[in-house]
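Before any comments, here is the structure.
Labels below follow one simple rule: chain letters A, B, ... track the order of the sequence lines, proteins then strands, and each chain is numbered from 1.
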Amino acid sequence: MIELVQGKIDLERVIAAVSHPGAGATVIFVGTTRDHNEGREVIRLEYEAYEEMAISELQRLVLTAQTQWPETRAAIAHRLGEVPLGEPSVVIAVSSPHRAQAFAACRFLIDELKKSVPIWKKEFFQGGEVWIGTQQGTPLPSSWVRPDS
Amino acid sequence: MIELVQGKIDLERVIAAVSHPGAGATVIFVGTTRDHNEGREVIRLEYEAYEEMAISELQRLVLTAQTQWPETRAAIAHRLGEVPLGEPSVVIAVSSPHRAQAFAACRFLIDELKKSVPIWKKEFFQGGEVWIGTQQGTPLPSSWVRPDS
Amino acid sequence: MRVLVRYFAAARERSGTTEEWIEVEESATLAGLWSLLVQRHPALAGLGSCISFAVNREYTDRLHTLRDGDEVALIPPVSGGSTGGCIHD
Amino acid sequence: MRVLVRYFAAARERSGTTEEWIEVEESATLAGLWSLLVQRHPALAGLGSCISFAVNREYTDRLHTLRDGDEVALIPPVSGGSTGGCIHD
């Protein structure tokens, strides 16, 4: 299960998607909108995605995880639109017969998701708004050329 | 929150116990009873605890985790009595401003829980029953002497 | 030939549109397309060092040669990290 | 003096009881208590190499000297791992 959802993420549903009788361990990552970021008090947050590509990138990541940790199953739900403070914006569940693999695959998926999946977060704070991102976070092609140079 | 519970573990409640406005990451471990163990088909499972000591050991583990990863908060619920196959026997939730700490502390807690907390699992399978445990899993004092030697 | 350009997040706000078809020359590269887009929407220039590109939903580099009907997306930095390292106005 | 002995899991089943007060000599050690318990409940002997002990809810070793009123728990291997390495009948 890979989903981009408007409205609250149903945590139990994400977990149910990876449950099976041989899965002794499930590791779940829940990413929540924080009230502070880099010293700013955050008022609200909005997420936007390049949906078709986000889905295909997430599928690619899940396949990569299943290749590296063959007994794992993974499900990912990411919320789009406005996300009230304190509510989950992303949930990743990974089940496995053994916990080491579930931990490793879950960590891999959230790290890669944040690096390469085209989903953007806009933070609204007292006195302004900002798109959150980092150049390092986006895969830079080797032939990268600064357009202004 | 540290709890030994009869009946189903309320996952949302365990997570809620560690939620706070500064927690951007929550990592949850769910340990589920499997239908097979070491080649045996498991029919049912029962957990038994030395409850007073299990609680104090779990408190000690949570304190240790909070010392090592100061910004984390942790909650643990372990189910006792009969646990139907496929249902969680243990849930550990760890929140943190940043995910690396939440992953590390959650992994630490489940590893240590399984090593040293006096909770026992009895497996009922076709043709028998067995208490699951391992000598290495229990802290061995340095002056350990085999009683029969 | 023409390509469909899709704008997201900061790029969407600076261009004032979500997508548009752009005429490009045969064998145009992404770098060539980018020059056209900056002429068309000067506010995009400030994002230059931060933007990545995807063609037909795959990340690629600016030397990539476009084909008729390609879907090109401007990908500002994704939401994972801090704003450190990305210089724009 | 006497100590309260608590039995769990396999130790509970082999002793047939959950807890009992046991008379021990002054300065008795856990090792001494264990010998008494095995005489009292011979089936416990088979668990010998697998059992750990807690006194007043802290793990300790068999050279530990008991005091009047101590709560001693017999701790068979906990549920985390396989049965490998623990030899009992």
Side-chain angles (χ1 to χ4, degrees), chain B residues 29 31 33-34 36-40 45-61 78-80 83 89-90 109-123 125 128-149, chain D residues 4-15 18-19 29-39 41-65 70-89:
Chain B
F29 175 83
T33 56
R34 285 189 293 161
H36 281 80
N37 192 20
E38 301 188 355
R40 295 185 295 267
L45 282 159
E46 280 180 17
Y47 285 84
E48 172 177 342
Y50 179 9
E51 298 196 25
E52 305 92 324
M53 184 172 165
I55 292 281
S56 67
E57 284 289 300
L58 289 171
Q59 284 168 338
R60 189 179 59 78
L61 292 181
H78 203 298
R79 186 167 174 177
L80 299 180
V83 180
S89 54
V90 61
L109 288 170
I110 183 60
D111 286 354
E112 293 301 312
L113 183 154
K114 296 214 170 200
K115 271 191 217 155
S116 72
V117 177
I119 298 176
W120 299 271
K121 175 168 73 172
K122 189 172 199 175
E123 240 178 51
F125 52 90
E129 55 189 56
V130 64
W131 287 100
I132 303 299
T134 168
Q135 186 174 0
Q136 303 97 297
T138 315
L140 292 185
S142 53
S143 57
W144 176 264
V145 180
R146 275 202 178 213
D148 303 331
S149 64
Chain D
L4 178 63
V5 179
R6 299 184 64 176
Y7 300 93
F8 295 95
R12 174 177 54 71
E13 291 182 348
R14 284 172 183 244
S15 71
T18 58
E19 60 178 61
T29 61
L30 272 175
L33 173 64
W34 172 251
S35 299
L36 288 179
L37 297 178
V38 169
Q39 283 169 30
H41 308 291
L44 285 176
L47 288 178
S49 68
C50 302
I51 291 265
S52 292
F53 292 90
V55 174
N56 302 328
R57 302 170 193 175
E58 300 271 355
Y59 286 108
T60 187
D61 64 62
R62 292 180 183 223
L63 300 183
H64 185 100
T65 302
D70 275 349
E71 176 177 312
V72 178
L74 271 60
I75 313 266
V78 295
S79 65
S82 71
T83 51
C86 178
I87 303 142
H88 63 80
D89 59 25

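Between the side chain of D:His64 and the backbone N or O of D:Thr29, no donor-acceptor pair lies under 3.5 Å. Proximity of a side-chain donor or acceptor of D:Asp70 to a complementary backbone N or O of D:Val72 within less than 3.5 Å is not detected.
Contacts between B:Ala49 and chain D at a heavy-atom distance below 4.5 Å involve the backbone alone (N, CA, C, O). Within the 4.5 angstrom heavy-atom criterion, atoms from both the backbone and the side chain of D:Ala9 approach chain B. For chain D, no part of B:Glu123 is nearby; none of its heavy atoms comes within less than 4.5 Å.
Taking chain D as the reference chain and counting heavy-atom pairs below 4.5 Å, the highest number among B:Glu52, B:Arg60, B:Glu57 is found for B:Glu52.
Ring geometry for B:Trp120 versus D:Phe8: interplanar angle under 30°, hence parallel rather than tilted (30 to 60°).
We find that D:Glu71 and D:Arg6 are joined by a salt bridge, their nearest charged nitrogen and carboxylate oxygen being less than 4.0 Å apart.
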